[in-house]
Amino acid sequence: MNASVAIQVLPTVSSDQLLPVVDKVIEHIKSKGLKTFVSPFETTIEGDYDELMEIVKQCQLIAVQAGATATMTYVKINYNPEGVLTINQKTDKYQAGNAELV
């Protein structure tokens with residue numbers, strides 16, 4: 001694994017259509033079988049750089065197919081040919097029972 005991507009897709013839709021469109025995008029991401037972490041503001045995916053870039057590209061198309069007239073997408077890319085820290089390495093200490101809500 002040489003990359004991780006955090007993607008936030010903001011579809012141009014009415015407020016009642018927002019979640020169904022975002023759900024379709026997340027469903028597409030998860031269908032790729034890669035390690036994913038869905039959070040309230042973005043979804044993080046880890047894998048091969050080229051495969052992740054294709055997923056990012058397809059997310060726009062999926063959102064439009066699901067009813068968005070346009071999308072605004074924010075992407076953060078962590079790339080290192082030698083490998084990157086995994087989602088679990090970055091977040092495990094904050095998960096289930098370890099995190100406090102303030």
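Numbers here simply count residues along the sequence, with the first being 1.
Asn80 places no side-chain N or O within 3.5 Å of a backbone atom of Asn2 that could act as its donor or acceptor partner. Between the side chain of Gln8 and the main chain of Phe41, a donor-acceptor pair closer than 3.5 Å is present. A donor-acceptor contact shorter than 3.5 Å is absent between the side chain of Glu54 and the backbone of Asp50.
With rounding to the nearest 0.5 Å, the separation of NZ in Lys93 from CG in Asn88 is 13.0 Å. A distance of 10.5 Å separates OG1 in Thr44 from NZ in Lys35, rounded to the nearest 0.5 Å. Between the CD1 atom of Ile45 and the NZ atom of Lys30 there is a distance of 11.5 Å, given to the nearest 0.5 Å. We find the OG-CG distance between Ser4 and Leu52 to be 8.0 Å, quoted to the nearest 0.5 Å. Here the CD atom belonging to Gln65 is positioned 9.5 Å from the NE2 atom belonging to His28, to the nearest 0.5 angstrom. For the atom pair Ile55 CD1 and Met53 CE, the distance stands at 9.0 Å (nearest 0.5 Å).
Each of Thr73, Val25, Ile26 was checked for a side-chain contact (heavy atoms from CB on, under 4.5 Å) with Ile7, and the lone residue meeting it is Thr73. Under the side-chain contact (heavy atoms from CB on, under 4.5 Å) test applied with Met1, the options Leu85, Ile87, Val84 reduce to a single match, Val84.
More than 12 heavy-atom neighbours from other residues, nucleotides or ligands sit within 6.0 angstrom of OH on Tyr79.
Asp16 and Ser14 are linked by a side-chain donor-acceptor pair at a separation below 3.5 angstrom, with hydrogens and angles left out of the test.
Between Leu34 and Glu46 there is no side-chain heavy-atom pair separated by less than 4.5 Å. When side chains are defined from C-beta on, Val22 does not count as touching Val9, because their heavy atoms never get closer than 4.5 Å. By the 4.5 Å heavy-atom criterion applied to side chains, Tyr74 and Leu10 are counted as neighbours. The closest side-chain heavy-atom distance from Val5 to Glu42 is not below 4.5 Å.
Under a hydrophobic clustering in which Ile, Leu, Val, Met, Phe, Trp and Tyr are joined whenever their side-chain heavy atoms come within less than 4.5 Å, directly or via other members, Tyr49 and Ile29 fall into the same cluster.
Taking every heavy atom of both residues into account, Val13 and Ala68 meet most closely at CG1-CA, 3.4 Å. Closest approach of Ile62 to Lys24, counting heavy atoms only: CG2-O, 3.7 Å.
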